[in-house]
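Contents: one structure, followed by commentary.
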Amino acid sequence: MISSTRCNFLGNTGLGGCGNICGGQRRGYGPWRVSCMSPINDRNGSVVMETPLKEIKSEPVVEDVDNNPISGGGPRDVYGEDKATEDHSVTPWSVSVASGYTLLRDPHFNKGLAFTEKERDAHYLRGLLPPTTIPQETQVKKMIQHIRQYQVPLQQYTAMMDLQERNERLFYKLLIEHVEELLPIVYTPTVGEACQKYGDIFMRPQGLYISLNEKGRILEVLRNWPEKNIQVIVVTDGERILGLGDLGCQGMGIPVGKLSLYTALGGVRPSACLPITIDVGTNNEKLLNDELYIGLKRRRATGQEYSELIHEFMTAVKQTYGEKVLIQFEDFANHNAFDLLEKYRSTHLVFNDDIQGTASVVLAGLVAALKLVGGNLADHRFLFLGAGEAGTGIAELIALEISKQTNGPLEEIRKNIWLVDSKGLIVKSRKESLQHFKKPWAHEHEPVTSLLDAVNKIKPTVLIGTSGQGKTFTKEVVEAMASLNEKPIILALSNPTSQSECTAEEAYLWSRGRAIFASGSPFPPVEYKGKVFVPGQSNNAYIFPGFGLGLIMSGTIRVHDDLLLAASEALAEQVTEENFEKGLIFPPFTNIRKISAHIAAKVAAKAYELGLATRLPQPKDLEKFAESCMYTPAYRTYR
């Protein structure tokens, strides 16, 4: 790093670009810092050369082309700006004085008007801020008013992302204190629209983009990330974003949103979170023809080309961040999601939220619903619309929980769980043509092509939608469920809202107010015959933040199915009688940090029991330990 406390040096060498600001009145304010911003053989990309000032001063002065000091090496225009062209290579030199101006541009440390008088003096902030000082609580009030002034959810999303880029702690403080209001903004359903329009709203990169262009260099790319102590990675290849399909590189909104919730709801430090998009192309014709698309404009890589890139990525992550970094797969297509989870679950700490997270939260809702409908899980018959990652994942976890409760064989228990895919009921006569993850659910039955016929023949007590197809729980289907059951359990889980199998209003109206309903995206309360029903939201955000915290705080090295069951049971325990009276089978998000701490404690306890935890000795009170591990976004006092 070249440093100097004298502006004259910068002007004479042509490196500083100080111009008229290098007057005597500025001398002595130093230290000035001149740094080359492109890393050369430097892992951290922060210091590229160290030369004592004495040595630099003693070397001959190199005159600029036009004898005028410039900032980057190219000829400057009449405004004093660098006017380099392709014929003039430049070096991205950055010149700064320890005045605190850069502090106001650093989202990790910026406090805006909350800087105290003492801090403004100590960190050279005088004059850089208006004279008033306001506390963080007032900033939160101001920001929520600012967010509410926007009527369009995507505008609210953009405003929240802008705040995150300016003031990280204020962003999380705001999100925690208004979680029920802002959760649909920073995550589903609004994040789906944000991903669709990511090319239009993209302002500055968040996270790492690893494409086929970086094949053979992924370890180097990971080292470009400034934070080194990473504990959670959320990664997507963008092929199946929510129920919206292939959005390619624009799927980055999902890892960014998920990790915001890891911090806000689960208390994982923001600096320990890394969102990653692996860009292997896209098969979305609209994106391929869009000049604003930010990803590779080529068809998706498949087969060996794809698997080699993913394997290099997984190896590089483990080499860079160690054995205990949690890698969460997000929104991979079915044909890759199951294979990746199976391939790496024995060598890495991996978790697929679409398969395992969704299953865990739905199982929790079903366990809670038993208090409303009576009986045990084994007494119920389940029918799924959708046999992809979510559907088969939920089905398997239900079977595992019933097997645990009854000591029955999985093969027999699975016979009470039926799945419908795009070709109808999954039955044995179709087994040869089924994908491998569907085969365990192929039971002996005549072919059935429609959902309504499946409901009438299977006679389920629980109907679960994971199809990604909106309006598929028709009036006839819901009425059939209500005719078969006094209190039919209907879960329309597909996201975003437009893809939900039915709305809360439809479920309550068509079942004559008897349905126990929950959905993947939020719906407002519904009044039916003088009674107000509050629909529950089967949101993965109940599970994955606390689940991840439990893995991190215990130093767990592998994810076992029993950990998912522990998380489900912990969430179900948090539903109160007051919630049940409103028809809720999930607790409100207002207490989500305490819920996450409870889930983390139960997951960690199970990890210690199974011998998967490496952080020893085991804390005596795991729930208090979880709370003590949680990041809090209150401003720190600066010396």
Side-chain angles (χ1 to χ4, degrees), residues 43 206-241 248-249 251-252 254-256 258-259 262 268 272-282 295-296 300-357 389 393 436-437 544 547-548 551-552 555-561 563-564 607 612 614:
R43 175 168 174 169
Q206 294 175 297
L208 277 179
Y209 293 86
I210 297 174
S211 73
L212 288 166
N213 295 341
E214 282 73 57
K215 189 175 182 182
R217 302 173 56 194
I218 294 179
L219 189 63
E220 177 186 337
V221 174
L222 289 176
R223 287 172 173 171
N224 286 341
W225 188 251
E227 302 292 347
K228 303 306 171 189
N229 185 24
I230 299 300
Q231 295 175 321
V232 184
I233 291 172
V234 176
V235 59
T236 185
D237 70 353
E239 189 169 4
R240 192 199 62 83
I241 299 298
C249 192
M252 178 58 95
I254 297 296
V256 169
K258 288 277 185 180
L259 287 169
Y262 260 109
V268 180
C273 299
L274 174 54
I276 295 178
T277 290
I278 297 179
D279 187 357
V280 295
T282 179
L296 292 179
R300 278 191 170 272
T302 57
Q304 185 176 351
E305 185 181 18
Y306 179 87
S307 61
E308 285 179 354
L309 186 74
I310 297 295
H311 188 69
E312 182 187 347
F313 165 73
M314 296 298 290
T315 303
V317 164
K318 194 170 180 179
Q319 183 177 341
T320 305
Y321 302 119
E323 184 87 10
K324 291 179 282 189
V325 62
L326 173 60
I327 304 169
Q328 178 170 315
F329 295 122
E330 197 68 40
D331 288 351
F332 284 75
N334 292 340
H335 56 275
N336 289 322
F338 289 99
D339 291 343
L340 292 176
L341 184 60
E342 187 61 32
K343 181 176 181 179
Y344 292 108
R345 68 189 310 170
S346 62
T347 59
H348 293 68
L349 183 66
V350 292
F351 171 69
N352 187 304
D353 192 43
D354 304 301
I355 299 172
Q356 297 165 297
E389 297 170 56
H436 66 90
F437 54 86
F544 71 80
F547 186 79
L551 299 178
I552 292 168
T556 299
I557 56 173
R558 298 290 180 268
V559 172
H560 190 279
D561 287 337
L563 302 183
L564 299 169
L612 296 172
T614 62

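Since we're looking at a predicted model, the values are computed, not measured.
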Can a side-chain donor-acceptor contact be found between Ser307 and Gln304 if the only test is distance below 3.5 angstrom? no

Holding to salt bridge (charged side-chain N to carboxylate O under 4.0 Å, His left out), I want the full list of residues that pass it with Glu220, two or more places apart in sequence or in another chain. Arg217

By side-chain contact (heavy atoms from CB on, under 4.5 Å), Gln319 pairs with (sequence neighbours left out) Leu219, Arg223

Given side chains that start at C-beta, do those of Asn352 and Leu340 come closer than 4.5 Å, heavy atoms only? no

Can you name the salt bridge (charged side-chain N to carboxylate O under 4.0 Å, His left out) partners of Lys318, sequence neighbours left out? Glu323

Describe, in one word, how the ring planes of Phe437 and Phe338 are oriented to each other, choosing from parallel (under 30°), tilted (30 to 60°) and perpendicular (over 60°). parallel

Can you check whether Met314's main-chain N or O pairs, donor with acceptor, with His348's side chain at less than 3.5 Å? yes

Of the non-hydrogen atoms in Leu296 and Ser211, which two are nearest, and what is the gap between them? CD1-CB, 3.8 Å

Measuring from Thr236:OG1 to Asp331:CG, what's the distance to the nearest 0.5 Å? 5.0 Å

Measure the shortest side-chain to side-chain distance between Leu274 and Tyr321 over non-hydrogen atoms and say whether it is less than 4.5 angstrom. yes

Show, in sequence, the C-alpha distance, side-chain angles and deciding distance for Leu309 and Ile218, and conclude whether the side-chain contact (heavy atoms from CB on, under 4.5 Å) test is met. CA-CA 9 Å; Leu309 186 74; Ile218 294 179; 3.8 Å; yes

Applying side-chain contact (heavy atoms from CB on, under 4.5 Å) to Leu222 and Ile276, what does each step give before you reach the verdict? CA-CA 10 Å; Leu222 289 176; Ile276 295 178; 4.1 Å; yes

Reported CD1-to-SG distance for the pair Ile210 and Cys249, which is rounded to 0.5 angstrom: 11.0 Å

If you apply the rule side-chain contact (heavy atoms from CB on, under 4.5 Å), what do you find for Glu239 with Val280, and how did you get there? CA-CA 9 Å; Glu239 189 169 4; Val280 295; over 6 Å; no

I need the minimum non-hydrogen distance between Asp353 and Glu330, along with the two atoms involved. CB-OE1, 3.2 Å

Do side-chain atoms of Arg345 reach the backbone of Val350 as a donor and acceptor pair under 3.5 angstrom? no

Report yes if some heavy atom in the side chain of Leu259 is under 4.5 Å from a heavy atom in the side chain of Gln328; otherwise report no. no

Strictly below 4.0 Å, N to O, side chains only: are Lys215 and Glu312 in salt-bridge contact? no

What one should report as the nearest heavy-atom pair of Tyr262 and Gly548 is CE2-CA, 3.9 Å

By side-chain contact (heavy atoms from CB on, under 4.5 Å), which residues pair with Thr614, not counting sequence neighbours? Lys324, Ile557

Test ring pair (Phe, Tyr, Trp, His ring centres under 6.0 Å) on Phe547 and Phe351 and set out the steps. CA-CA 10 Å; Phe547 186 79; Phe351 171 69; 4.9 Å; yes

Within the structure provided, determine whether Ile254 and Val234 are in side-chain contact (heavy-atom separation under 4.5 Å). no

Please name the pair of heavy atoms, one in Arg558 and one in Thr347, separated by the smallest distance, quoted to 0.1 Å. NH2-O, 3.1 Å

Working to the nearest 0.5 angstrom, can you tell me the gap between Phe313 CZ and Glu214 CD? 12.5 Å

Any chance you could measure Arg240, atom CZ, to Glu389, atom CD, to the nearest 0.5 Å? 4.5 Å

Considering non-hydrogen atoms only, spot the tightest contact between Gly295 and Asp279 and give its length. CA-OD2, 3.2 Å

Distance from Thr320 atom OG1 to Ile230 atom CD1, nearest 0.5 Å? 10.5 Å

I'd like to check the side-chain contact (heavy atoms from CB on, under 4.5 Å) partners of Ile552; sequence neighbours left out, ordered by chain and number. Gln231, Val232, Val268

Look at the side chain of Glu227 and the backbone N and O of Ala272, then say whether any donor-acceptor pair between them is shorter than 3.5 Å. no

Can you tell which of Ile310, Asn336, Thr277 makes a side-chain contact (heavy atoms from CB on, under 4.5 Å) with Asp237? Asn336

Please enumerate all residues that pass side chain to side chain donor-acceptor pair (under 3.5 Å) together with Tyr209, with sequence neighbours excluded. none

Out of curiosity, Phe544 CZ to Leu326 CG, how far, rounded to the nearest 0.5 Å? 11.0 Å

Could you check Val325 against Leu349 for side-chain contact (heavy atoms from CB on, under 4.5 Å), going step by step and ending with a plain yes or no? CA-CA 7 Å; Val325 62; Leu349 183 66; over 6 Å; no

